[in-house]
**Q** 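Take a look at this one; I'll ask things after.
Just so it is clear, the structure is predicted and the values come from calculations on it, not from any experiment. Counting starts at 1 for both ligands and their atoms, following the listed order.
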Amino acid sequence: MLLGVNIDHVATLRNARGGSEPNVIKAAEICENNGGTSITTHLREDRRHIKDEDVRTLIKTIKTKLNLEMAMADDIQKIALEIKPHSICLVPEKRQEITTEGGLDVAGQIERVTNFIKPLIDADIIVSLFIDPDTKQVEAAAKTGAQFIEMHTGRYSEAYGTKNEEEEFQNLKHASELAHKLGLKVNAGHGLNYENVHRMHEIPGLYELNIGHSIISRAVFTGLANAVREMADLIK
Ligand code: PXP
């Protein structure tokens, strides 16, 4: 199973101060040098973390693959067609595009999704749809021409360690089985962390996990001791 690292939160921290620290390009390089098999960034319509110039630079510097998360917005589609990431993952941003559980509502707008992703597929960009592990959504995704789904693991992650964990996990397993039967490849992500990620190995054929928040959060603590020590040494 491959690991796509979502570096949006590095940009969130950078934007808190303006300027360029912590540097998103450097963060991507560190992820790639330490087992990350792709770099994921979400170019949001409100540009709250990743900016246009980040993806324009990343596409030139990344040695693995750039996976661009994006909404069904024409201006973002234009950027994707221009920079040509390895893959895009279509995610909901507007309230009416979101299912009850949080993935993209493909079943409610198959034609719109199909038409939106066609130019991207025609441009040889791999297209993934971020959906709930739900039969209806998986069947709809298979009709759009997308090659991948990314299963939303948020409900599983929240239920981990509770009485609902098994049910949420089985939803993921069944959705993945169905997707594979329908010829889709399957990624997963959202809310996965150092405690709950191990069960992803129980889902046969999962291709890549996209993980952001838990990795960046962990990095604060695995890096904090060194950072303080370096500063203490400097001011001694
Ligand atoms: N996959 C998708 C489609 C996402 O939108 C996100 C969150 O940006 C992730 C994976 C990563 O989620 P997390 O930051 O909770 O690991």
Side-chain angles (χ1 to χ4, degrees), residues 1-15 24 27-28 31 35-51 54-55 58 65-73 76 80 85-95 97-99 101-106 113 116-117 120 125-134 137-138 141 146-160 168 172 175-176 179 184-200 203 206-220:
M1 210 177 329
L2 305 177
L3 170 63
V5 185
N6 183 316
I7 57 170
D8 291 346
H9 289 320
V10 177
T12 303
L13 192 56
R14 174 198 63 190
N15 297 352
V24 167
C31 296
T37 48
S38 67
I39 300 299
T40 294
T41 57
H42 185 174
L43 188 62
R44 294 185 64 95
E45 287 183 77
D46 62 9
R47 306 298 198 273
R48 97 170 51 140
H49 34 58
I50 291 290
K51 312 271 187 206
D54 294 325
V55 289
L58 283 168
K65 302 173 292 182
L66 179 63
N67 175 41
L68 186 68
E69 289 177 3
M70 55 182 276
M72 276 191 287
I76 312 274
H86 173 81
S87 56
I88 69 102
C89 181
L90 211 57
V91 298
E93 277 186 34
K94 296 202 167 63
R95 198 169 256 266
E97 294 169 348
I98 301 178
T99 65
E101 286 152 34
L104 183 69
D105 181 19
V106 180
V113 172
F116 185 84
I117 64 177
L120 298 160
I125 299 167
I126 291 170
V127 171
S128 177
L129 305 177
F130 184 52
I131 58 171
D132 293 328
D134 171 273
Q137 296 299 338
V138 175
Q147 300 99 323
F148 274 80
I149 58 162
E150 178 170 327
M151 297 193 297
H152 195 315
T153 48
R155 281 176 70 98
Y156 158 75
S157 300
E158 272 174 30
Y160 185 78
E168 296 302 340
L172 291 169
S176 175
L184 292 159
K185 295 196 183 99
V186 184
N187 294 333
H190 200 94
L192 294 175
N193 61 30
Y194 293 82
E195 282 76 45
N196 64 30
V197 74
H198 68 98
R199 291 207 73 182
M200 295 301 107
I203 303 178
L206 264 193
Y207 185 77
E208 191 164 55
L209 302 179
N210 282 310
I211 306 182
H213 190 264
S214 64
I215 292 178
I216 304 303
S217 303
R218 174 72 58 115
V220 172

**Q** Just how far is it from atom OG1 of T153 to atom CG of L209, taken to the nearest 0.5 Å?
**A** 8.0 Å
**Q** Between ligand 1 and the protein, which N/O pairs are shorter than 3.5 Å?
**A**
| unit_1 | atom_1 | unit_2 | atom_2 | d |
| --- | --- | --- | --- | --- |
| ligand 1 | 1 (N) | E69 | OE2 | 3.4 |
| ligand 1 | 1 (N) | E150 | OE2 | 2.4 |
| ligand 1 | 5 (O) | E69 | OE1 | 3.2 |
| ligand 1 | 8 (O) | N6 | ND2 | 3.4 |
| ligand 1 | 14 (O) | H213 | N | 2.8 |
| ligand 1 | 15 (O) | G191 | N | 2.8 |
| ligand 1 | 16 (O) | G212 | N | 2.8 |
| ligand 1 | 16 (O) | H213 | N | 3.4 |

**Q** Suppose we screen for salt bridge (Lys or Arg N to Asp or Glu O under 4.0 Å). Which residues come up paired with R47, at least two apart in sequence or across chains?
**A** D52, D75
**Q** Please list, chain by chain and in numerical order, all residues satisfying salt bridge (Lys or Arg N to Asp or Glu O under 4.0 Å) with K65, sequence neighbours excluded.
**A** E208
**Q** Yes or no on salt bridge (Lys or Arg N to Asp or Glu O under 4.0 Å) for D134 and R155, after CA distance, side-chain angles and deciding distance?
**A** CA-CA 12 Å; D134 171 273; R155 281 176 70 98; over 6 Å; no
**Q** Look up atom CG in D8 and atom CD1 in I39, then write down how far apart they are to the nearest 0.5 Å.
**A** 11.0 Å
**Q** Name the atoms and distances for all side-chain donor-acceptor pairs under 3.5 Å in residues 190-197, with sequence neighbours left out.
**A**
| unit_1 | atom_1 | unit_2 | atom_2 | d |
| --- | --- | --- | --- | --- |
| N193 | OD1 | E195 | N | 2.9 |
| N193 | OD1 | N196 | N | 2.9 |
| N193 | OD1 | N196 | ND2 | 3.3 |
| N196 | OD1 | N193 | N | 2.8 |
| N196 | ND2 | G191 | O | 3.2 |

